[in-house]
Amino acid sequence: MASGETRLVVQRFSIDELEDAAVRVLAGFGAPPDLAELTARSLAQSNLLGHDSHGIIRLLQYAAWVRDGQIRVTARPEQARRLGATALVDGNWGFGQPTARMATDTAIELAAANGVGAVAVARCNHIGRLGEYVTRMADAGCIGLALCNSGPVVAPAGGTRRTFGTNPFAWAAPRAGAVPLVLDFSTAGIAEGKVQVAMAQGERLPDGMIIDRNGAPSTRPQDLYDGGALLPFGGHKGSGLCLMIELVGGLLTGMGTAPMPDYAGGNGTLFIALSIERFTPLDAFAEGAAAFASRVTQSQDGGVEPDVFLPGQVEQQVAAERSVTGVPVPDATRRDITELAESIGVDLGRLALHRLGRTLESGS
């Protein structure tokens, strides 16, 4: 390493270690074992797939919500209403992942019975990565769609005030011989959780992602938390998607839209499952999807190294690597989670022990 070069040490942990640490913290909050395990698995899987913004770093946010009563740690979701091909799941302000899992499975059941299942979710906290749920639908032979609104942090195109949530949208479809194709993205240029990760790692953001409190472009993550705002992707197109997801995720579920006084917080979410068999044979669809996906990846001139990526392909590559090398956890994140655990009398085991983490030096 050259003189004066910064030595970056990244602690790496197995997916089981991260899940175990998350279970311990969630149980320390008072969550029942089954709810703690389901929520922890969702967080750890996000880390495995490379979506660290929806991984164990969220424990810090959940802790604040537990303290202020936003999350009711023992609450369980329930079906509040079911009629025809539709249902409403009430999260009762518990952890969002168990609520989203119930809504997903309900949508699959409704699709099996009716060809389509649409499930709205109300009184629900942060549900994690939408891709998790639409993948579950695709694995059940459905095309899965999901969208949700969230707290105001995105300025509309041409605006400077926080008005929309990051409002993600996801869908998935099965294909033969491979994992489902999964598209999952925030309608902001960058997810707020990724700003948290960049700040924890001491990194700058790409241009065009945020503005500061004065409406000036910025690449400093801290400017978002000092009164700035995220920007929608694609200018007016992303802004329009943000707006429509506010209407569907916010008003259809009764959760309210982000900038309005009656916004209840959390994620107003809609899940839709389409039974492929009700439209066309599932095998034919899956085989056609696989053939089409293969053609897409070959859409370059001969002799060029392929760099056309399918939706979800990068995540699968990251998961394969991290399954072997471990999941990197920035020291700042590990330290903050360790301090949180200690404050509630929880021993994190290996995650808390800096000396046991496997290290990767920059440039190695």
Side-chain angles (χ1 to χ4, degrees), residues 22-43 45-46 54 56 58-110 117-130 132-134 136-137 144 146-152 165-168 170 193 245-246 248-258 260-273 344:
V23 166
R24 295 186 189 202
V25 171
L26 292 164
F29 292 158
D34 60 327
L35 300 183
E37 290 171 6
L38 193 156
T39 304
R41 188 172 303 115
S42 175
L43 296 175
Q45 285 295 318
S46 292
H54 285 67
I56 63 168
R58 289 285 177 170
L59 292 170
L60 304 172
Q61 186 179 48
Y62 294 175
W65 288 345
V66 169
R67 285 193 296 268
D68 67 18
Q70 174 73 22
I71 292 179
R72 301 171 184 173
V73 295
T74 61
R76 294 180 179 276
E78 58 185 347
Q79 285 191 23
R81 186 164 63 247
R82 185 164 176 159
L83 181 63
T86 68
L88 176 68
V89 170
D90 185 347
N92 287 313
W93 293 119
F95 288 102
Q97 287 86 348
T99 301
R101 173 64 69 85
M102 174 181 282
T104 299
D105 290 347
T106 301
I108 293 170
E109 293 171 10
L110 291 171
V119 181
V121 172
R123 301 207 305 162
C124 181
N125 286 303
H126 181 253
I127 64 174
R129 191 176 54 86
L130 287 183
E132 172 183 341
Y133 309 110
V134 294
R136 190 173 179 87
M137 295 183 204
L147 55 84
C148 72
N149 76 333
S150 56
T166 54
N167 298 3
I245 291 173
E246 286 289 346
V248 177
L251 296 184
L252 197 64
T253 64
M255 294 279 280
T257 54
M260 303 305 289
D262 62 347
Y263 171 62
N267 289 156
T269 310
L270 180 69
F271 296 96
I272 299 175
I344 56 176

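- Between A22 and I56, the closest heavy-atom pair is CB-CG2, 4.4 Å.
- Contact of the L110 side chain with the T86 side chain is not registered, since no non-hydrogen atoms from C-beta on lie closer than 4.5 Å.
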*Please test R72 against R123 for side chain to side chain contact (heavy atoms under 4.5 Å, CB included), starting from the C-alpha separation and ending with a verdict.*
CA-CA 11 Å; R72 301 171 184 173; R123 301 207 305 162; 4.2 Å; yes
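- Note: N149 CG to N167 CG = 5.5 Å, rounded to the nearest 0.5 Å.
- Of the inter-residue distances, the one linking M260 atom CE with M255 atom CE reads 16.0 Å to the nearest 0.5 angstrom.
- Nearest heavy atoms, L26 versus A36: CD1-O, 3.4 Å.
- A donor-acceptor pair is defined here as one N or O able to donate and one able to accept, closer than 3.5 Å; no such pair exists between the side chain of S42 and the backbone of L38.
- Once rounded to the nearest 0.5 Å, the distance linking CG of L43 with CZ of F95 reads 9.5 Å.
- With hydrogens and angles disregarded, no donor-acceptor distance shorter than 3.5 Å links the side chain of N92 to the backbone of G94.
- Taking every heavy atom of both residues into account, G249 and T253 meet most closely at O-OG1, 2.5 Å.
- Atom CZ of R24 sits about 12.0 Å away from atom CD1 of I344, to the nearest 0.5 Å.
- More than 12 heavy atoms of other residues, nucleotides or ligands lie within 6.0 Å of CZ in R82, so this atom counts as buried by the packing criterion.
- A 4.5 Å side-chain heavy-atom check between H126 and R58 finds at least one atom pair inside the cut-off.
- Between Y263 and G151 the shortest heavy-atom distance is OH-N, 3.0 Å.
- Under a 3.5 Å cut-off, the side chain of S150 and the backbone N or O of T166 do form a donor-acceptor pair.
- Ion pairing between R136 and D105 holds under the 4.0 Å rule for side-chain N and carboxylate O.
- Rounded to the nearest 0.5 angstrom, L270 CG and L88 CG are separated by 10.5 Å.
- Going from atom CH2 of W65 over to atom CZ of F29 covers 11.5 Å, rounded to the nearest 0.5 Å.
- Closest of all the heavy-atom pairs between R129 and H54 is N-CD2, 3.8 Å.
- Two residues are said to be in side-chain contact when any heavy atoms from C-beta on lie closer than 4.5 Å; Y133 and I127 meet this criterion.
- Counting heavy atoms from C-beta on, the side chains of P32 and R76 come closer than 4.5 Å.
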*Given the rule in the side chain to side chain contact (heavy atoms under 4.5 Å, CB included) test, do V73 and V66 qualify, once you have shown the distances and angles that lead to the verdict?*
CA-CA 7 Å; V73 295; V66 169; 3.8 Å; yes
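- Here the closest non-hydrogen pair linking I108 and A273 is N-CB, 4.2 Å.
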